[in-house]
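Protein chains get the first letters and strands the later ones, always in sequence-line order, with residue 1 at the start of each. All values below were derived from every heavy atom in this structure, side-chain atoms included, with hydrogens, water molecules and symmetry-related copies excluded. These numbers come from a predicted model, not from an experiment.
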Amino acid sequence: MDRAEAKQKIIEFLESKKGSKTKFYFNDFTKLLPDMKSREVKKILTELINEGVLEFWSSGSTTMYGLAGAGKQHVEEGE
Amino acid sequence: MTFVPSGYYNPDKPMEGRITDIGPRHYSEFLPPVIKKNKGKWLWHEIIEPGILMHKAESGDEVYTVRCGSPRLLSVETIREICDIADEYCGGYVRFTTRNNIEFMVDSLDKAKKLKEDLNSRKHPGGSYKFPVGGTGAGITNIVHTQGWVHCHTPATDASGTVKVVMDELFEDFQRMRLPAQLRISMACCLNMCGAVHCSDIAILGYHRKPPIIDHEWLDNLCEIPLAVAACPTGAIRPTKTKITTESGEEKEVKTVAIKQERCMFCGNCYTMCPCLPLADKEGDGLVIMAGGKLSNCITPPKFSKVIVAFIPNNTPRWPELAQVMRKLVDTYAKHARKYERFGDWAERIGWERFFELCELEFTHHLIDDFRDPAYYTWRHTSQFKF
Amino acid sequence: MPKHETPLLDQLESGPWPSFVSEIKRQSEFRHKNAEAMEKEGKPYQIPVDVCDDLLGVLEMSYEDGTTHWKHGGIVGVFGYGGGVIGRYCDQPEKFPGVAHFHTMRVNQPAGKYYTSEYLRKLCDLWDFRGSGITNMHGATGDIVFLGTRTEQLEEIFGVLTHELNQDLGGSGSNLRTPACCLGESRCEWACYDTQELCYQLTMEYQDELHRPAFPYKFKFKFDGCPMGCVASIARADMSFIGTWRDDIKIDQEAVAAYIGGELKPNAGAHEDCEGFDIQKEVIDLCPSQCMRLEDGKLVIDNKECVRCMHCIRVMPRALRIGDDRGLSIFCGAKAPILDGAQMGSLLIPFIKAEPPYDEIKEIIENIWDWWMEEGKNRERLGELMKRQGLQKLLEVTGVKPIPQHIQEPRHNPYIFWKEEEVPGGWQRDINEYRKLHPR
């Protein structure tokens, strides 16, 4: 799978879950892309972050990834 | 308020000109010349008097360090005052310790004594010292602590306030070295321990005792239920539906969560994910005291602190019960322990049954471990015990 | 006249210990006095002038009602980084608008926490202008902590830090947390390696791991120069690097005699009352491995039996010095109690040299990360994974041969999970061959 396909798969996965859950742990994506090494998956996620497609969500102790602007936290935090 | 841009950030092109991954400044930029010159070539050190250390280098150089306490929470105005002192006495150099003390370094004992006097003379308008000199040797040094009510969303108490009260009570031992060994006190304001306190001679720990309240009406609007469910480390939260009557009197069924209350360990992780699950409570929240831990490998191996007081209420602003227990613990230790013996080594030598007796602490079922496998190893498995 | 009455907090201004309430009041007064000058300079305060007043106000409220008034915010940060900023909002923004947003920024401290006043002043000017002016020097992990600013200031502060101060943020979330070390060789004769340099080099090597979280949970490095453990690495770092040595403790017998004779202060003067030093009672009898004795007034150490607890060295620092064949031990898996109980670091590498470019150390780190990233569950610290899969697994992924130093004592049960390849002939057996000797 090339990078573009992998990105597409990540975005489709997040879109499909949007209704109930918008934030996912890193290893949800490694499971989504089982043939890729975790370092490769991280590079792709980083690119998506830098393109503004994804954003981090941090509890302070743990971090999750989600589509930029998606989810109820945005309303709550007024950001 | 007029927004003044720094000129480094364009929200439309956030990656433009962005500098990332440059890390911290290299420490060598900040080392005083005498430190830089003698790095790796120190011979020995000595505590000249409380708060003043002398380090001797192979080159014959001597550096005198004056150590003083700080509340950790510092205003930039006070940091600027620290800078002024560093400029006046130390060629513009200063350092901070892991335990939030401030260290000023000079090249002679005379200068160190003068600096000590100067530091001890500076006071806040409210009367407290700004820079009390001490924190060395067989005494009490600064209490490392967390944010508490000043800045955290899950604390069960205030960190700065409890530390202030305890250090006021034990202040004499910050400026003296009369104890059998050093006594390290630490404070964390909830069981998540963002400041790890679990290996301290005495640890003060904020603790919640009530499970979260569930704001059914708003929960599904403000929180993603699967995330709230996943946040619970003990698996006590599950999704559910419930009938509610809204503030306006309307009856409706809403999606929400249910909590198995007896499984709640009061960590607040769910509240971090979901503001509709608050757990703070005036009567429920308070302090736990733990004791007998240590970090160093000196004489005995490092060990964990043990719970010796199950609950102290949040009697603000000065937590009198806390101050009283701390005073009793320190004085009993000072009186009974042998030279070089750390708090936990002393308690283990005399036996915990004798420890509770000497410290006049009540023993209740809360102090018997019942959390998962390690609990068993803390029960008594010998006929050797004291009456 | 203060904006909010704070009768409870005011009671924390008296007493000798430096008052945090006085600190906040000090900044409050300064901001009010300085606001006009800042305005004139073209640098009007970028968050409300009365931010400190409102901080005192909301804190007083907590002292009244015994509960916190902060809420967590997970989205805020600087673009591209997953850590370094902790979002905070006040749950009483109408009453205390100055602290409606009150985010924390973690700034990566220099190793050993030495500063020049010039640099500190620049940090102060930046934080005064664009934040509350309230800091923590330092946070528990080691960062310089900026307490309280508004969302729109985060990028501006980050821009100034990186462009003008050559300074990056620290970590938070599921990433490599800001590494921290003791002051090491800079001012301590017991440092067995250069803690500051190793801390700095690994921080730089792993910037991506520090800023872009992709671990199952937090991961901490801490560097202690010797077994005294001043940065508490053995209790709280997923990988703890503790200095040690393998040759002999160096003895200056003249100085030993001077300690015995009372000419030198024992324990480096750490006790007020240091009269009447008794070397037998205070040093020799307290040695945990009982490896020392006095012979004709000379101290003899059986170094082979020494466990390097350093008690004798600390009591007689002018007579005894650490050995010259120095390096470090690596311990893995320490953590605070949440969730499954506290863990101390467990010994992985008894001795390794700590010399640039530290390639061997990096290889160990990366092997451990590969394993943990593959096998670790969400929010599972390295120590918990070690408990779940066994110390053997850690040894296996790092290619370390098991030795008795790895354990306190051998296993208490015989339930060894033998692997098939360890048993001669393997596990595939022929029932007919068996039946030749054991008819049904």
| field | Intermediate values then yes/no, side chain to side chain donor-acceptor pair (under 3.5 Å), B:Asn100 and B:Ser70 | value | CA-CA 6 Å; B:Asn100 309 126; B:Ser70 96; 6.0 Å; no

| Between A:Phe13 and A:Phe24, does a ring-ring contact (aromatic ring centres under 6.0 Å, His included) hold up when you go through it step by step? | CA-CA 10 Å; A:Phe13 167 74; A:Phe24 293 86; 5.0 Å; yes

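Counting non-hydrogen atoms of neighbouring residues, nucleotides and ligands closer than 6.0 angstrom, the CG atom of A:Asp2 exceeds 12 such neighbours.
With a 4.5 angstrom heavy-atom cutoff, B:Met15 touches chain A only via side-chain atoms. Neither the backbone nor the side chain of A:Ser61 comes within contact range of chain B; no heavy atom of the residue lies under 4.5 Å from a heavy atom of that chain.
Under a 4.0 Å N-O distance rule, the pair B:Lys243/B:Glu251 does not qualify as a salt bridge.
In terms of non-hydrogen atom pairs under 4.5 Å with chain A, the most contact-rich of B:Leu222, B:Asn192, B:Asn221 is B:Leu222.
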